[in-house]
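Report on the structure given below.
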Amino acid sequence: HRLFSASSSTLTHGDAALTHADADGIVDVNPPRGTRDFPPEDMRLRTWLFDQFREVSRLMAFEEVDFPVLESEALFIRKAGEEITQQLYNFEDKGGRRVVLRPEITPSLARLVIKQGKSVSLPLKWFTIGQCWRYERMTRGRRREHYQWNMDIFGVPKVRAEAELIQAIVLLFQRLGITSSDVGIRVSSRKVLQAVLNMYSIPEHLFTEVCVIVDKLGKMTREEIEKELISTGLSSEAVQGIIDVLSLKSLVKLEEVLGSGVEAVADLKKLFSFADQYGYTDWICFDASVVRGLAYYTGIVFEAFDREGKLRAICGGGRYDRLLSTFGSEDIPACGFGFGDAVIVELLKEKDLLPDMSRQIDDIVFPLDEELEGPASSIASSLRKKGRSVDLVEDKRLKWVFKHAERINASRLILVGNSEWERGMVRVKVLSTREEFEVKAGELE
Ligand SMILES: Nc1ccc(Br)nc1
């Protein structure tokens, strides 16, 4: 959509400093590549979704926090080859500082926990909803920004934290009308991969890199994954061993392969027993192929998926007990997830679960004559002070006003007319029952 060019005279004689249109008089009205506007109807859906995020956060006793969308680039420089760090929306600001539009929120959370240091008592349960960015070559035409709900727990080393976070995810889905037949949550632990690498005496420093590679299982062919793993220096025997273990979907079989007393198995058994107590057993399943693509996870990881397999992961997260020390601080055990605003909306559309997004206004106040615009103002003002949402309309024909009342689902139409106003009255039309009556202006509520 491009604005029509203004007539050439205004362009050539317009104030050059104020002219935004380019040479042929057209300004591009689209937002920057890969970004979205939220016109009212889209914004009502987004607000509804974010209200669900907030309500679940309240139920889980989490506190809201927020951060600048602009962060120091240093917070995101990691050497593990993650997609997220290869697509940084980074630049140098006018002070010569290397900054980014944040690609995720967890490092900001960690930064604030370190900054708050001794002044906060653990555990911390924090949530935020924030816009995240990536600079993706537009060849794939994917979005460059999305909003993410993040829930994180700091200071709980035990699996209780993961169990709490998974309940939050299940509560959210249930609030949206999504069931465990629509969506599942795959659960595993990075300690599974750790155990396998130990079995093949693979050096510790390869762990993160191998995680990032095997996270592409399902997105790349098995051969491509094997090639990438070999290129890190793994033997083909180790590569086969890794891929065989990662294809396990039974905790019993995992224990057979890894042996009993392995921490990964104990953690996962504990989580599944918690699931029973929370009542969300139907939602979760063990799947060793889940590793998630972020370098800093150290333990249990999980991701929600649509059982029809049409969509990308709906949300995902895990334990990251060693992130703070990468910023030079004492480590604090931590666990969290990110829940994006895009895939969930695609799922709601698939399941026909999008809520009614129409507007709802209590009253329209409409002066029938120009000299009644003053009284209409005081009527609208007193109704608003009583908590009524009021759309004050004027300079319209009555026919338009009735149509408008329908469009915005107004409950009442308050008509301010001369004959009524002379007697201190206004006319009220209740639009649902078509009931009509006069009432003293001062007694309207
Ligand atoms: N990390 C990230 C940021 C922005 C989008 Br869109 N997707 C992923």
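Counting convention: from 1, in listed order, for ligands and their atoms alike. Quick caveat: nothing in here was measured; it's all calculated off a predicted structure.
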> Centres of the F50 and W149 rings: under 6.0 Å?
Replying inline: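 Judged by ring-centre distance (under 6.0 Å), F50 and W149 do not meet the cut-off.
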>> Can you confirm whether or not the ring centre of F62 sits under 6.0 Å from the ring centre of F127?
In response: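 Between F127 and F62, which both carry aromatic rings, the centre distance is not below 6.0 Å.
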>> Applying ring-ring contact (aromatic ring centres under 6.0 Å, His included), can you list everything that pairs with Y297, at least two apart in sequence or on another chain?
In response: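 With neighbours one apart ignored, the set is empty.
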> Who are the ring-ring contact (aromatic ring centres under 6.0 Å, His included) partners of F91, not counting sequence neighbours?
Replying inline: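 ring-ring contact (aromatic ring centres under 6.0 Å, His included) check on F91 returns nothing, list empty.
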> Cationic tip of R186 within the cone over F286's six-membered ring, i.e. under 6.0 Å and within 45° of the normal?
Replying inline: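 No, R186 and F286 do not form such a contact.
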Under 3.5 Å donor-acceptor pairs involving side-chain atoms of residues 167-178, not counting sequence neighbours:
unit_1	atom_1	unit_2	atom_2	d
R175	NE	Q52	OE1	3.0
R175	NH2	Q52	OE1	3.4

>> Counting only heavy atoms and a distance below 4.0 Å, can you name the residues contacting ligand 1?
In response: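 Answer by chain and number: I84, P103, C132, W133, R134, R143, R144, E145, H146.
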